[in-house]
Protein chains: 2
Amino acid sequence: MAQLLTPVVQETTPALIARQLRRAIGQGELAPGEQLNEAELSRHLGVSRGPLREAMQRLTQEGLLVSIRNRGVFVIEVTDDDVRDMYLARAAVERAAAARVIQLDAKDGGKQLLEVTKRMRKAANDDDADALTETDVEFHALLVALAKSPRLSRMHNTLMVETRMCITALETRYASHFVRADEHHEIAAAIRDGNAEEADRLLVAHMDDAVARLMEAPEEASTAEPA
Amino acid sequence: MAQLLTPVVQETTPALIARQLRRAIGQGELAPGEQLNEAELSRHLGVSRGPLREAMQRLTQEGLLVSIRNRGVFVIEVTDDDVRDMYLARAAVERAAAARVIQLDAKDGGKQLLEVTKRMRKAANDDDADALTETDVEFHALLVALAKSPRLSRMHNTLMVETRMCITALETRYASHFVRADEHHEIAAAIRDGNAEEADRLLVAHMDDAVARLMEAPEEASTAEPA
DNA sequence: GATGGGCCGATTGTCAACAATCATAACACG
DNA sequence: CGTGTTATGATTGTTGACAATCGGCCCATC
């Protein structure tokens with residue numbers, strides 16, 4: 001028999017709950033700054049407070065939630081500094097991933113990434129901003145997945161939840177859908193061509209652009225308290 | 001009054017337990033592959049199983065523990081692939097950190113790092129391998145801390161626990177203590193001089209060296225199962 | 001001697017109850 | 001009017017108990 005038999009891994013309950021919470025945060029169902037009521041949430045999820053608390057500890061470790069003793073856990077509020085830091089970390093991870101992809105199998109990796117950009121262009125044509133965001137996230141997730149690095153993937157997963165949260169909360173929009181699609185296409189093409197320097201340069205520029213866009217959006221959380 | 005008043009942050013119990021567990025893993029008190037018995041551990045720590053389990057979920061999220069449903073949580077076993085991946089991730093984080101330090105305040109950052117290398121040289125003179133390892137870890141932790149990036153710091157913290165664990169488990173030793181100290185000194189000097197390219201190059205080389213050293217050490221966990 | 005079934009101890013998963021803490025608001029006091 | 005005090009309701013933190021699951025062992029069977 002072929003090795004189609006993948007070892008059965010029973011996901012643990014807190015891990016499942018944690019995924020739900022991440023999704024909810026990314027989609028803004030749990031708004032930045034909002035407190036997570038244990039009793040209420042556990043009822044909604046159909047579990048008791050124990051497993052829920054364990055799941056919340058996971059997200060707290062990731063930095064998606066902040067815990068204040070005897071008061072509760074809250075969804076993080078993203079300040080300007082946080083946005084900058086998010087993309088600093090994303091750049092660190094994705095640049096390393098891109099370099100690794102080129103090193104492993106540039107041609108194949110590039111092709112897979114170009115496939116995603118095709119769908120981005122379709123979404124741009126349809127003027128479907130949501131689909132565009134979906135494929136955008138998918139592009140970056142695939143880029144890191146192709147690097148086959150468990151650690152980079154884990155880090156990146158957290159960062160993408162934060163990114164999604166920001167996009168949702170700030171309702172960021174590109175000036176043009178096509179510009180957005182093209183930026184990703186160029187990165188994919190550079191990777192396919194094995195041009196590490198170019199891919200690296202494009203990625204950095206892409207991140208800088210994203211920060212600039214998010215910063216000019218109306219702030220929902222101030223970066224410093226008033227004097 | 002000056003801003004010497006830091007906001008009071010009551011650390012949560014699972015966070016405290018998690019730190020203890022990380023220390024224990026880094027120092028090899030909890031050996032790779034070992035199962036963590038909840039009842040026994042909670043007794044030792046003087047808490048009940050609830051908070052302990054929450055702490056374990058944190059480390060599981062970090063990838064320091066692996067959880068198998070209905071069986072328990074175990075300290076990760078580090079394969080050759082894991083060692084490579086660890087240093088791939090560390091390179092990603094530390095290269096970004098170095099670049100950021102140079103961007104923020106190269107002179108000051110370089111000086112602080114050089115201070116650490118002084119202590120490394122002293123440890124090398126004393127032929128004190130443990131002190132050398134301590135200062136080694138301190139150097140890299142400081143490098144990332146100086147970048148003032150919460151996200152890079154959080155990621156790096158996890159990676160350094162893994163690194164420590166490997167050094168302890170594999171009893172890795174440099175060929176020469178002085179070589180080890182010098183490598184760090186060069187990196188610090190490059191940062192102080194604001195030479196980004198040089199610092200980046202040295203960091204990559206430093207990581208490659210580390211992987212090579214760890215790989216030639218006797219393996220305690222095989223990377224692939226026998227045919 | 002190898003295989004399969006069934007019991008048993010140990011450990012984990014889950015839950016509900018209790019204790020501790022905090023924010024709020026009402027109120028007395030200077 | 002501002003300050004300090006005290007009840008109160010709600011929420012979190014912690015614990016112990018119970019249910020579920022698993023690995024190991026013994027033993028009957030072929």
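Letters go in sequence order (proteins before strands), and every chain restarts at 1. What you see is a predicted model, and the numbers here were worked out from it, not measured in a lab.
Listed in residue order, the members of residues 39-51 of chain A having a heavy atom less than 4.0 Å from DNA chain C are A:Val47, A:Ser48, A:Arg49. Within a heavy-atom distance below 4.0 Å of DNA chain C, the residues of residues 53-74 of chain B found are B:Arg53, B:Arg69, B:Asn70, B:Arg71, B:Gly72.
Legend: salt bridge (Lys or Arg N to Asp or Glu O under 4.0 Å) pairs involving residues 145-158 of chain B, not counting sequence neighbours, sorted by first then second residue: A:Asp82-B:Arg151, A:Asp85-B:Arg151, A:Glu162-B:Arg151. Pairs engaging residues 56-66 of chain B under the salt bridge (Lys or Arg N to Asp or Glu O under 4.0 Å) rule: B:Arg22-B:Glu62 [sequence neighbours left out]. Pairs engaging residues 40-90 of chain A under the ring pair (Phe, Tyr, Trp, His ring centres under 6.0 Å) rule: none recorded [sequence neighbours left out].
With sequence neighbours excluded, the residues that form a side-chain hydrogen bond (donor to acceptor under 3.5 Å, both in side chains) with A:Lys122 are A:Asp126. For A:His156, there are no ring-ring contact (aromatic ring centres under 6.0 Å, His included) partners at least two apart in sequence or on another chain. By the side chain to side chain contact (heavy atoms under 4.5 Å, CB included) test, B:Glu29 is found to be paired with B:Arg23, B:Ala24, B:Gln27, residues two or more places apart in sequence or in another chain being considered. With sequence neighbours left out, B:Thr163 forms a side-chain hydrogen bond (donor to acceptor under 3.5 Å, both in side chains) with B:Arg90.
Taking 4.0 Å as the cutoff to heavy atoms of chain A, we find the contact window on DNA chain C bounded by C:dT14 to C:dA23. Where DNA chain D meets chain B (any atom under 4.0 Å from a heavy atom), the bounding nucleotides read 5' to 3' are D:dT14 to D:dG23.
Counting heavy-atom neighbours within 6.0 Å of B:Arg19 CZ, excluding the residue itself, gives a total of 12 or less.
To the nearest 0.5 Å, the span separating NE2 on A:His140 from NE2 on A:His206 amounts to 3.5 Å.
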**Prompt:** Can B:Thr13 and A:Arg69 be said to form a side chain to side chain donor-acceptor pair (under 3.5 Å), step by step?
**Reply:** CA-CA 9 Å; B:Thr13 308; A:Arg69 176 143 205 175; 3.1 Å; yes
**Test log, rule salt bridge (charged side-chain N to carboxylate O under 4.0 Å, His left out), inputs A:Asp108 and A:Lys111** = CA-CA 5 Å; A:Asp108 177 66; A:Lys111 277 183 84 169; over 6 Å; no
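Residue contacts for B:Leu52: at a heavy-atom cut-off of 4.0 Å it reaches no nucleic acid atom on any strand shown. Residue contacts shown for A:Thr12 are absent, as no nucleic acid heavy atom lies under 4.0 Å away.
Between the side chains of B:Ser48 and B:Arg43, no donor-acceptor pair is found at a separation under 3.5 Å. B:Arg164 and B:Thr133 share no donor-acceptor pair across their side chains, judged by distance under 3.5 Å alone.
Side-chain contact between B:Ser149 and B:Val144 is absent, with no heavy atoms from C-beta onward closer than 4.5 Å. Counting only heavy atoms from C-beta outward, the side chains of B:Leu203 and B:Leu143 approach each other to under 4.5 Å.
Axis deviation across the helix from C:dG1-D:dC30 to C:dG30-D:dC1 amounts to 10°, comparing end segments of five pairs, rounded to 10 degrees.
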